Amino acid sequence: AAEVERLRAQAVLLESRRVTMLLARANEQEAARKLEDLKFRGRGLLAAEDYLWPDDLPFVRIPKAALPSISMKGGPDTPARLESKIDQLLDLSPSEQQAVDQIFSDYFDGIDQLLANNLYETNQATGVKLPTGAESIVFVLQPMGPKIRAAMDELCTNLTAVLGKERWSMVQPHKFEFTHYEQVRLLGYTKFAWDQTQEVTVNIFARPGSEPTVSWSQNTGVGISPVPLHYFFQDQPTDLIGLSQGPPALLNRVKQWLATQAAARLSNPVSK
Amino acid sequence: MIVATASAWFGSLSVATRRARQQLRTEESIWRTLTQELAETQAEREALTAKVDQLQIESRGVTAAVDPVLASFLLSKEGRPASPETQEKILAEFGRGRNSSAGYVLVSKAALRTTALRPLKPFPESHRLSEVVCSVLAITPEEQQSVEAAFAQTFEKTAAWAKANVQRDGPSENMLVRYTLPADPEFERVSTEKLFSAINATLGKERGELMRGYFEHFRVYEDGAMGNRTNILEIHRTPGQSTLGYRSGWKWENSEAINTYPEPIAADKFPACFFFVFPGGWQEVAQRESFDLPEGVTESSKR
């Protein structure tokens, strides 16, 4: 009798599982049917002569002729926004999307590499005289403007090759805005310096019995008087006064170096 | 007596035997019943197990027809709108590369909300809708008429307010004149809310919100965000040169978005909000302030 009861209980459990699976299958089939309905309506929108805005659908049709007049919100046209526009509005096939993704990935990786390869430190300054009694280091960024513009030209050429001239014309950004704001992103607002070598000379004045001080100057001659080194602990939000408009990669390198120097030289960090 | 005893004894024996036989038959019956039940139960169990095994095999061989998140949305009876991710999944399920025709492309409504386009034509038709916004939002001719009437009515009131509130300063050093349209947030709020209340009534909430997004994004070209912030226009003499330059833009209490150095006056650079005061653009300002425009700048700016 115990064996019979065990078998009956097991049978009930198995039957319950069977019902659950049948219900899940029915739901899948219903969802698939509704998706097919949506797909049918979508195809219908593309072909409709009397197209009206579909309030009840999560998508709409827009004329390809309108694409050149459409931009992506959030700022000026840059490669990042171009990538978003192509992704959202061009309906690429999977292989085309993969090719475009690779092109943008190569571009952004290439830019990072360009900056890394052209930024270095030295003890020789070309634009300023190093102060006596200071430990000085010169951070140098080679002229990046032409290299960035060349990389952007290559980006556009590669995209044209994948998209074709007709689709490229639908998304092609305004060239001045495109190159200008990408250079602003990478090189800062100091447009006059984009095509020049940029140097930031940093001087640490270490005096026995008192806190070291820091000054910096650019090869253009702009600089500041010494300030306490503790301003540059990692958690201190100190800007590099006079340099904040310059290339982020260069300024971040200077800030990291100063933070390292502050941590190494100051035994009792001053907290805010 | 012996016979009687024997008879009694045999009688008892018969009864006992009958009872034993009855019990045996009963027990046999019970045993057969139980055995049959056991066999039936085992058969039932085996049948069910085989069936479930079969279903499990079938379900392993068939992947889910629809993405589970998408299925949940499709089967929901709540009527909630699809999230941006779900909208993209839907288009992906249709097949990337197959959601367009020669002339059109399907775009999720979520993606459309991340775009910007100029909704209005340049001055002096700045109350008229652009072709691109009409095509993207599928605005019918009747809807277009109604929306343009709403913009015209609003801009008429904006122009009256601007003419009544514009301030003039100057000259001062190299600055010939400064015009200021001060901020009046309450005026701007009431005016804009009324405008888009009328537009929403015509286009519906979805398209009304998109239209408003486009208008706000390109406001510097539409009405200069009149009233929402202070607008200034300055005309400057360039030291050592005969040319004139201008500065224009927005001012807030602690910041401004104005070109630092005067830029050359150009035909297509007249600030949008000042058309409400000077419909003749640069020419009207030049006549009023008695200066000569550069060569080529003789008409109202068109953008």
Side-chain angles (χ1 to χ4, degrees), chain A residues 1 3-4 7-8 10-11 14-15 17-18 21-22 24-25 27-35 37-39 42-43 45-48 51-55 57-74 84-85 87-97 170, chain B residues 34 37-38 41-42 44-45 48-49 51-52 55-56 59 62 64-66 70-72 74-75 81-82 86-87 90-91 93-118 130-132 135-140 203-204 206-207 213 217:
Chain A
E3 173 67 13
V4 167
L7 288 167
R8 283 193 179 134
Q10 193 170 10
L14 287 171
E15 180 61 28
R17 283 169 62 187
R18 188 182 76 90
M21 287 175 66
L22 285 175
R25 175 171 288 186
N27 282 343
E28 274 179 21
Q29 288 170 346
E30 175 67 4
R33 187 191 62 75
K34 288 191 171 181
L35 188 60
D37 282 348
L38 278 180
K39 191 191 292 190
R43 300 284 181 260
L45 288 190
L46 288 171
Y51 170 74
L52 293 174
W53 180 269
D55 284 312
L57 291 177
F59 48 80
V60 296
R61 88 171 189 195
I62 61 174
K64 287 181 175 176
L67 293 182
S69 302
I70 296 175
S71 57
M72 305 309 287
K73 274 185 188 172
S84 180
K85 182 172 180 179
D87 180 55
Q88 307 263 21
L89 303 183
L90 272 194
D91 184 39
L92 300 183
S93 68
S95 62
E96 289 171 331
Q97 187 67 59
M170 295 175 192
Chain B
L34 286 177
E37 280 180 6
L38 183 64
T41 303
Q42 281 176 333
E44 184 186 348
R45 175 177 169 275
L48 279 172
T49 303
K51 192 160 192 177
V52 168
L55 283 172
Q56 283 175 335
S59 68
V62 173
V66 178
L70 193 48
S72 171
L74 291 167
L75 295 172
T86 300
Q87 292 181 27
I90 289 171
L91 288 177
E93 287 284 343
F94 289 2
R96 290 287 182 200
R98 294 192 285 166
N99 292 327
S100 53
S101 61
Y104 302 99
V105 58
L106 293 183
V107 172
S108 71
K109 287 179 176 174
L112 203 55
R113 280 192 283 276
T114 67
T115 63
L117 53 85
R118 296 280 297 271
S130 63
E131 279 89 12
V132 66
S135 65
V136 168
L137 298 186
I139 295 178
T140 66
L203 299 184
E206 257 182 355
R207 287 187 294 167
H217 187 86

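None of the values given here were measured: they were computed from a predicted structure. In what follows, chains carry the letters A, B, and so on, assigned in the order in which the sequence lines appear, proteins first and then strands, with residues in each chain numbered from 1.
Taking CG of B:L137 as the reference point, atom CD1 of A:I62 lies at 10.0 Å (rounded to 0.5 Å). In this structure, the separation between OG on A:S69 and CD on B:E131 is 9.5 Å, given to the nearest 0.5 Å. Atom OG1 of B:T114 sits about 3.5 Å away from atom CE of A:M72, to the nearest 0.5 Å. The structure places OG of B:S135 at 14.5 Å from NZ of A:K64, a figure rounded to the nearest 0.5 Å.
Ranked by heavy-atom pairs under 4.5 Å with chain B, the first of A:R43, A:K34, A:R33 is A:R43. With respect to chain A, the highest number of heavy-atom pairs below 4.5 Å among B:S72, B:P81, B:A102 belongs to B:A102. For the set A:A66, A:S71, A:A24, the count of heavy-atom pairs under 4.5 angstrom toward chain B peaks at A:S71. Contact count versus chain A (heavy atoms, under 4.5 Å) is highest, among B:V132, B:T115, B:L117, for B:T115. Interface summary for chain A: among B:G204, B:S101, B:G213, the most heavy-atom pairs under 4.5 angstrom belong to B:S101.
A:K73 and B:A116 get closest at one heavy-atom pair: CG-CB, 4.1 Å. Closest of all the heavy-atom pairs between B:Y104 and A:P63 is CD2-CA, 3.6 Å. In terms of heavy-atom proximity, B:S100 sits nearest to A:L46 at N-CD1, 3.7 Å.
When heavy atoms are compared at a cutoff of 4.5 Å, B:T140 approaches chain A solely by way of its side chain, counted from C-beta outward. Residue contact with chain A, scored on non-hydrogen atoms closer than 4.5 Å, is absent for B:I139. Contact annotation for B:A71: both backbone and side-chain heavy atoms come within less than 4.5 Å of a heavy atom of chain A. When heavy atoms are compared at a cutoff of 4.5 Å, A:L45 approaches chain B solely by way of its side chain, counted from C-beta outward. When heavy atoms are compared at a cutoff of 4.5 Å, B:R113 approaches chain A solely by way of its backbone atoms N, CA, C and O.
At least one side-chain heavy atom of A:L35 sits less than 4.5 Å from a side-chain heavy atom of B:L74. Side-chain contact check for B:R96 versus A:S93: every heavy-atom pair is 4.5 Å or farther apart. Proximity of B:L112 to A:V60: side-chain heavy atoms (C-beta onward) are separated by under 4.5 Å at one or more points. Residues A:L89 and B:V105 have side chains not in contact (no heavy-atom distance under 4.5 Å, counting atoms from C-beta outward). Annotation: side chain of A:D55 is in contact with side chain of B:E206 (closest heavy-atom distance under 4.5 Å). For the pair A:P58 and B:I90, the minimum side-chain heavy-atom distance is below 4.5 Å. Using a 4.5 Å cut-off on side-chain heavy atoms (C-beta onward), A:E30 and B:L75 make contact.
Checked by atom type and distance alone, the side chain of B:K109 pairs as donor or acceptor with a backbone atom of A:L57 at under 3.5 Å. Side chain of A:D91 to backbone of B:N99: a donor-acceptor contact under 3.5 angstrom is found. In this structure, the side chain of A:K39 does not engage the main chain of B:G95 through any donor-acceptor pair within 3.5 Å.
For A:F59 and B:F94, the ring centers sit closer than 6.0 Å to each other.
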